[in-house]
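Have a look at the structure below, then the notes.
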2 protein chains.
Amino acid sequence: MTMLPTRAGTKGMPRAERERQVLAAATEEFGRRGYEATTMATVAARVGVTKPLLHQYFGSKQDLFLGCLEPVGDRLLKAVRTAMADHDNGAPPTPLRVLRALFDALDGQREAWFVLYDPSLPPGSEAAHRAAHYRDAIDELAATGTADLLHSTGSDDPLDADALKYAWRGLCTTLVRWWIEHPDQTPEAMAGRCARIFAIARAVDPG
Amino acid sequence: MTMLPTRAGTKGMPRAERERQVLAAATEEFGRRGYEATTMATVAARVGVTKPLLHQYFGSKQDLFLGCLEPVGDRLLKAVRTAMADHDNGAPPTPLRVLRALFDALDGQREAWFVLYDPSLPPGSEAAHRAAHYRDAIDELAATGTADLLHSTGSDDPLDADALKYAWRGLCTTLVRWWIEHPDQTPEAMAGRCARIFAIARAVDPG
DNA sequence: CGATGAACTTACCAGTCAGTAAATTACCCT
DNA sequence: AGGGTAATTTACTGACTGGTAAGTTCATCG
């Protein structure tokens, strides 16, 4: 009676494997086109399947999105957390360590970043709230990293802190987008490029 | 016979004035929600009018968008051009002058920025091409501004230059988005905040 | 073989949106 | 008054999309 992988009457592919396929395709599609522009039919077509199957497996379009969001959010959050943690002497400065961690976490599925940072999520929806939750968690980590920086420059304006957090988030997003447009670049190459760009930025206003 | 402002048989409002109203409402709506999420009916409703009038006056949805894009693109391009030009001694460094010019040009209609930087334009469409044209024109100005900076740090990698251009464009977009979420901030206050944030960024990696 | 049940599809409904055709309103001029 | 015309609306079509109901295929097991 121990027929747990019973597989009685199976046409096509086992459900678990198909679900993985769908999640991978949906993550890429949601990330590339955004939630609103992504249709269930195109996601289904990418996997060689029809729309009703997606609804049977995942429920609504928003449920499918949530199924993509959770693993991506967890992966990125964990990556940033560990990157912020190991700061032994001789390591690159924190921002560069975080970027390197993001590039490593996103390698092989770079569009996943925009599943978290999708501006076309229905406002007020569960999906929007959950995505915002992940973004805020990552932001808070960044905020602890910049708090001392703010004090060192004498600024204690909370709006400055908020804008800085926002700018950092936007910079990461921009760099990932550039990376997506240059598929041949390795995470390591990206990290090096970011270091050089930071150096250039520091050279502004030499007077 | 010189009855140029003839206004024979006019119900409601003269066409030119209505068109200005529609363009203002559409610019805000396109900028805020993006092209795809904006519907002709909601734009019409904002002006207290119905959808067919918009089609009669402007043609298709894309034509209406182009009608919004052109003045905004011209205004921003001109603002950046003049900001890059007047570099007398004692003035703030170029990036800050450009930002200040952008904030001034966008004051009163901040969402207009995202008419140029709308990611939801139908790929390959006339609208997408024209928007890209304006973006590229602005980018090229920024590129001439950063060319010497790149050489001064010894980097002659063209990919570095491209990534820097891209990062700068993204940073501007991010700052405008933050500004939109803080409506009480004046352009001057924003410029000052950006200067402080730049100073903070320069303080990274003091080792 | 023949039944079972998971994998999957065809055919459909309901809602939304861009776009159009045909009227209708209301101001102006004679 | 009443004809002309710009401004505007009502009523509609067609395409597309999220979602559902009911059926069909087919490997396995008895």
Side-chain angles (χ1 to χ4, degrees), chain A residues 1-23 25-26 29-30 33-68 120-123 125-127, chain B residues 1-23 25-26 29-30 33-68 120-123 125-127:
Chain A
M1 294 231 177
T2 68
M3 42 170 167
L4 272 183
T6 175
R7 284 197 45 84
T10 56
K11 175 191 173 189
M13 198 171 290
R15 174 163 180 160
E17 187 175 344
R18 189 64 93 189
E19 284 180 345
R20 279 199 305 273
Q21 278 188 11
V22 170
L23 281 177
E29 207 69 17
F30 281 134
R33 325 264 182 212
Y35 180 85
E36 192 159 304
T38 298
T39 76
M40 297 295 272
T42 63
V43 172
R46 282 182 60 124
V47 193
V49 138
T50 55
K51 188 177 52 162
L53 190 72
L54 269 59
H55 281 108
Q56 182 170 335
Y57 282 4
F58 293 94
S60 70
K61 182 185 182 183
Q62 190 176 176
D63 292 335
L64 174 58
F65 178 86
L66 291 173
C68 298
S120 77
L121 292 174
S125 66
E126 172 85 11
Chain B
M1 291 233 177
T2 68
M3 41 170 169
L4 272 182
T6 174
R7 285 199 41 83
T10 55
K11 174 189 171 188
M13 196 170 292
R15 174 164 180 160
E17 188 175 343
R18 189 63 93 190
E19 284 180 344
R20 279 199 306 273
Q21 279 188 10
V22 170
L23 282 177
E29 207 69 16
F30 281 135
R33 324 265 182 213
Y35 181 84
E36 192 159 304
T38 298
T39 76
M40 298 294 273
T42 63
V43 172
R46 283 183 60 125
V47 193
V49 138
T50 54
K51 189 178 48 162
L53 190 71
L54 270 58
H55 280 109
Q56 183 168 337
Y57 282 4
F58 294 94
S60 71
K61 182 185 182 183
Q62 190 176 175
D63 291 335
L64 174 59
F65 178 86
L66 291 173
C68 299
S120 78
L121 292 174
S125 65
E126 171 85 11

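Small disclaimer: the values here were computed from a predicted structure and weren't measured. Sequence lines set the chain letters: A, B, ... in the order given, protein chains first and strands last, and positions in each chain run from 1.
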Next on the checklist: Please classify the nucleic acid contact of Tyr57(B) as base, sugar-phosphate, or nothing, using heavy-atom distances under 4.0 Å.
Outcome noted: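 If one applies the 4.0 Å heavy-atom cut-off, Tyr57(B) turns out to touch the sugar-phosphate alone, with no base involved.
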Checklist entry - When all nucleic acid strands are considered with a 4.0 Å heavy-atom cut-off, which category describes Thr38(A): base, sugar-phosphate, or nothing? => result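 Touches sugar-phosphate only.
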Just the rounded figure in Å: distance from [atom2] of [N] to [atom1] of [X].
X        : N       : atom1 : atom2 : value
Leu54(A) : dG18(D) : CG    : C1'   : 12 Å
Met13(B) : dT25(C) : CE    : C1'   : 15 Å
Asp63(A) : dG18(D) : CG    : P     : 14 Å
His55(A) : dG19(D) : NE2   : P     : 4 Å
Glu17(B) : dT8(D)  : CD    : C1'   : 15 Å
Met40(B) : dT20(C) : CE    : C1'   : 12 Å
Leu53(B) : dA23(C) : CG    : C1'   : 15 Å
Phe58(A) : dT20(D) : CZ    : P     : 16 Å

Item to check | Side chains of Leu121(A) and Phe65(A) in contact at under 4.5 Å (non-hydrogen atoms) | outcome: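 Touching, per the 4.5 Å side-chain cut-off.
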Within the pair [X] and [N], is there a side-chain N or O less than 4.0 Å away from OP1 or OP2?
X        : N       : value
Thr50(A) : dC8(C)  : no
Arg18(B) : dT8(D)  : yes
Lys61(B) : dA18(C) : yes

Next on the checklist: Checking the side chain of Ser120(A) only, and the main-chain atoms of Glu36(A) only, is there a donor and an acceptor separated by less than 3.5 Å?
Outcome noted: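 It does hold such a pair.
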Next on the checklist: Tell me if a side-chain donor or acceptor on Glu29(A) pairs with a main-chain N or O of Thr42(A) at a distance below 3.5 Å.
Outcome noted: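 Here the side-chain-to-backbone pair does not exist.
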Counting only side-chain heavy atoms from C-beta out, which of [options] sits nearest to [X]?
X        : options                  : value
Thr39(B) : dC8(C), dC17(C), dA21(C) : dC17(C)
Arg15(B) : dA7(D), dG18(D), dA7(C)  : dA7(D)
Lys11(A) : dG19(C), dC26(D), dT8(D) : dC26(D)
Pro52(A) : dC8(C), dA21(D), dA18(C) : dA21(D)

Item to check | Geometric class of the Phe30(A)/Tyr35(A) ring pair [parallel <30°, tilted 30-60°, perpendicular >60°] | outcome: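 Plane angle under 30°, so parallel.
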Checklist entry - From Lys51(A) NZ over to Thr39(A) OG1, what is the distance, rounded to the nearest 0.5 angstrom? => result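 Separation between the atoms: 8.5 Å.
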Checklist entry - Of Gln56(B) and Gln62(A), whose nearest nucleotide on DNA chain D comes first from the 5' end? => result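 Looking at DNA chain D, the more 5' nearest nucleotide goes with Gln56(B).
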